[in-house]
Each structure stands twice: as C-alpha cells, then as structure tokens.
Amino acid sequence: MRVTMDELRRARLNGNKDFEGFDLTDMDFFGSGLLAGCNLRGACFEVAILSKARFHGADLRDAKLNHADLSGANLRGANLRFASLLGVNLRYADLRGADLIGADLSDALFFGVNHDEDTRWPDGFDVGRTTARVVQK
C-alpha cells in the first residue's frame, strides 16, 4: 500500500506500529524516529532517504531497501533478515545487535559502520574486507 508521510504520522499518533508491506519508495525520512520499533516486514524503501533515521528495534525482515541512503541511521537491534540492501549507503550507520542473516549486501557502502559481536552477518560476508569498525560495548 502506497502512503504519504502525513498518513504515516497520523497512524503513529494513533499508536499504529504495523506497516508490513507498505510502499515507502523514494520517501524522505531524514532524521525521523517515526518507524523505530515498527513492523516493516516486506516494506519497500527503495531509493528512500533514510539518513540519520531511527529504526532501532524495527522488524525489517524481507524489506527492500535497494539504493536507499541509510548513512548515519540507527539500526541497533533491527531485524534485517533476508532484506535486500543492494547498493545501500550504510556509511556511519549503527548496526550494533542488528540481524543481517540472509540479507543481500551487494555493493553496500560500509565506511565507518558501527557493529559489535552481537551483529549477525550473512553467511560468507567478510566484514574484514569492508571499512567497518568494531565498537566495544
């Protein structure tokens, strides 16, 4: 379902946290905390501006985030299992405790990414080949 930012804000003000399968393509969530802790399973955020947005604790399983800008985003503890993150910008994003098992991170930018020993990477993903840095708890 395609929605506007105003519709999302009204839904959140009414306590709604279920946005499963929503089409949020090309929307601008710069610095927004609107979707922290929400069910966003299967939602589409392709080419969206998510820079500095707060998604901590969100369920983003199977979400499509291809070519989105997540630079500086807070994804702490987010469930990104099997999400599509093709060419996504994750520079300086906070992935501590995030679950990226099965996620497609092809061509993703990782400069300065924060992660810890609780971050779960896809099989075969070599964090050592990126410029990600480990953050101590």
Side-chain angles (χ1 to χ4, degrees):
M1 173 187 353
R2 183 83 173 148
V3 295
T4 67
M5 186 64 86
D6 286 337
E7 289 170 328
L8 277 176
R9 281 191 186 105
R10 280 195 301 276
R12 283 295 285 139
L13 285 173
N14 291 323
N16 188 5
K17 293 181 89 172
D18 187 1
F19 302 108
E20 184 170 342
F22 275 34
D23 182 358
L24 305 165
T25 302
D26 199 33
M27 289 182 73
D28 186 345
F29 288 92
F30 181 87
S32 174
L34 188 64
L35 300 173
C38 287
N39 174 15
L40 299 161
R41 188 171 188 171
C44 184
F45 289 94
E46 293 184 319
V47 297
I49 299 169
L50 307 168
S51 185
K52 298 187 180 180
R54 296 177 302 282
F55 287 92
H56 51 279
D59 184 353
L60 289 154
R61 285 177 289 170
D62 302 308
K64 294 170 189 69
L65 296 131
N66 300 326
H67 305 288
D69 181 0
L70 280 157
S71 57
N74 181 344
L75 293 157
R76 286 185 85 158
N79 186 343
L80 290 150
R81 280 185 174 245
F82 300 101
S84 183
L85 297 152
L86 299 169
V88 73
N89 180 0
L90 287 165
R91 291 173 184 241
Y92 300 106
D94 189 347
L95 296 171
R96 289 179 278 186
D99 188 344
L100 293 146
I101 298 294
D104 188 344
L105 296 164
S106 301
D107 298 322
L109 302 173
F110 278 92
F111 180 79
V113 167
N114 293 323
H115 68 281
D116 60 16
E117 64 274 0
D118 294 325
T119 304
R120 298 179 52 153
W121 301 101
D123 287 341
F125 186 76
D126 183 1
V127 176
R129 292 187 57 200
T130 70
T131 55
R133 65 185 167 91
V134 175
V135 175
Q136 301 299 321
K137 282 187 178 182

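- Side-chain heavy atoms closer than 4.5 Å link hydrophobic residues (I, L, V, M, F, W, Y) into clusters, and following such links, possibly through other members, connects Phe45 to Met27.
- By the 4.0 Å N-to-carboxylate-O rule, Asp116 lies too far from Arg96 to be salt-bridged with it.
- Looking at heavy atoms from C-beta onward, Val3 lies in side-chain contact with Leu24 at the 4.5 angstrom threshold.
- Remark: the backbone N or O of Arg9 is not paired with any side-chain donor or acceptor of Asp6 at under 3.5 angstrom.
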Taking it one step at a time, do Arg41 and Asp59 satisfy salt bridge (Lys or Arg N to Asp or Glu O under 4.0 Å)? CA-CA 6 Å; Arg41 188 171 188 171; Asp59 184 353; 5.3 Å; no

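- The side chain to side chain donor-acceptor pair (under 3.5 Å) test applied to Ser32 returns no partner, not counting sequence neighbours.
- Between the side chains of Asp69 and Ser71, a donor-acceptor pair is found at a separation under 3.5 Å.
- Of all heavy-atom pairs between Ala103 and Leu80, the closest is CB-O, 3.6 Å.
- Taking every heavy atom of both residues into account, Arg12 and Ala36 meet most closely at NH2-O, 4.2 Å.
- If you take CG on Asp62 and CG on Asn79, they are separated by 9.0 Å, rounding to the nearest 0.5 Å.
- Under the 4.5 Å side-chain criterion, counting only non-hydrogen atoms from C-beta, Leu50 is not in contact with Leu35.
- For the atom pair CG (Asn89) and CG (Asp107), the distance works out to 12.5 Å, reported to the nearest 0.5 Å.
- Counting heavy atoms from C-beta outward, Trp121 and Leu95 have side chains that approach closer than 4.5 Å.
- To the nearest 0.5 Å, atoms CG (Leu70) and OH (Tyr92) are separated by 15.5 Å.
- Considering Leu60, Leu34, Asn74 as possible partners of Phe55, the one that fulfils the side chain to side chain contact (heavy atoms under 4.5 Å, CB included) test is Leu60.
- Phe125 and Phe110 have tilted rings, their planes meeting at an angle from 30° to 60° on a 0 to 90° scale.
- Distance CG/Leu90 to NE2/His115: 12.5 Å, rounded to 0.5 Å.
- A donor-acceptor contact under 3.5 angstrom links the side chains of Asn39 and Asp18, judged on distance only.
- Between atom CG of residue Asn114 and atom CZ of residue Arg76 there is a gap of 8.5 Å, rounded to the nearest 0.5 Å.
- Judged purely by atom type and a 3.5 angstrom limit, Arg61 has no side-chain atom pairing as donor or acceptor with the backbone of Ala83.
- Under the 4.5 Å side-chain contact rule for hydrophobic residues, Leu40 and Leu13 do not share a cluster.
- Between Arg2 and Thr25, some side-chain heavy-atom pair lies under the 4.5 Å cut-off.
- Looking at residues two or more places apart in sequence or on another chain, you find a side chain to side chain contact (heavy atoms under 4.5 Å, CB included) between Ala11 and Asn16, Phe19.
- Shown here for Asp28 and Met5, the closest heavy-atom pair between the two residues is O-CE, 2.9 Å.
- Partner of Asn66 under the side chain to side chain contact (heavy atoms under 4.5 Å, CB included) criterion, chosen from Ser106, Cys44, Ser84: Ser84.
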